[in-house]
Amino acid sequence: GYGIFVRPGGCFPDQPLLPNDANYLQAKVDELDDRQRQLAADKGVEFFDTRSLSEGHDMCAPAGDRYVEGYVAKDGGVPLHPTALGAAALGNALTDYLVL
């Protein structure tokens, strides 16, 4: 699934998104997440929900807590993609999920 990319209202000026634009971006990410969830249900496969894992780790979080890069990426990151920390957290959570 897709997690939380940006908190409600965003964090302008740290990330160049006005509040309405931040809410729109997250609404579109939520649509992708909902569609993946529905496709998984339709196909009878498990859906790995990342929403709760990503809470507090959106693009507005401090760099050391961020799981997704914002439009202003740090340390060679790719905008709107997972950070190294986020990829590791997701990988560890998925491993734990699969082992249970």
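Contacts classified as disulfide (SG to SG under 2.5 Å) and involving residues 41-100 (residues at least two apart or in different chains) are given here: C11-C60. Counting only residues at least two apart or on different chains, the salt bridge (Lys or Arg N to Asp or Glu O under 4.0 Å) pairs with a member in residues 55-65 are R7-D58. Residue pairs meeting the side-chain hydrogen bond (donor to acceptor under 3.5 Å, both in side chains) criterion with at least one partner in residues 13-22, sequence neighbours excluded, do not occur; the list is empty. The list of ring pair (Phe, Tyr, Trp, His ring centres under 6.0 Å) pairs with a residue in residues 2-33, not counting sequence neighbours, is empty. The disulfide (SG to SG under 2.5 Å) analysis of residues 71-100, with sequence neighbours excluded, yields no pairs. Judged as a disulfide (SG to SG under 2.5 Å), not a single pair has a partner in residues 64-100 (not counting sequence neighbours).
Heavy atoms only, all atoms of each residue included: G56 and A61 are closest at O-CB, 3.5 Å. Shown here for G9 and A22, the closest heavy-atom pair between the two residues is C-CB, 3.9 Å. Taking both residues in full, the closest heavy atoms of P16 and V72 are given as CD-CG2, 3.5 Å, listed atom of the first, atom of the second, then distance. In terms of heavy-atom proximity, G77 sits nearest to A73 at O-CB, 3.3 Å.
Applying the 4.5 Å side-chain rule to ILVMFWY residues, one finds that I4 remains a lone member of its cluster.
Here Y67 contributes atom OH and T50 contributes atom OG1; the two are 11.0 Å apart, rounded to the nearest 0.5 Å.
Following chains of ILVMFWY side-chain contacts shorter than 4.5 Å, one can reach L25 starting from V68, so the two form part of one hydrophobic cluster.
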Query - side chain to side chain contact (heavy atoms under 4.5 Å, CB included) between L17 and M59, worked out - result: CA-CA 11 Å; L17 284 167; M59 70 173 69; 4.0 Å; yes
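A search for side-chain contact (heavy atoms from CB on, under 4.5 Å) contacts involving A41 returns Q38, not counting sequence neighbours. Annotation: salt bridge (Lys or Arg N to Asp or Glu O under 4.0 Å) contacts of D33 (sequence neighbours excluded): R37, R51. Scored by the side chain to side chain donor-acceptor pair (under 3.5 Å) test, E69 finds no partners at all (sequence neighbours excluded). Looking at residues two or more places apart in sequence or on another chain, you find no side chain to side chain donor-acceptor pair (under 3.5 Å) involving Y71.
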Donor-acceptor pairs are to be reported for all side-chain atoms of residues 90-100 against protein atoms at under 3.5 Å, with residues two or more places apart or in another chain.
from	atom 1	to	atom 2	distance (Å)
N92	ND2	A88	O	3.2
T95	OG1	G91	O	2.9
Y97	OH	E46	OE1	2.4

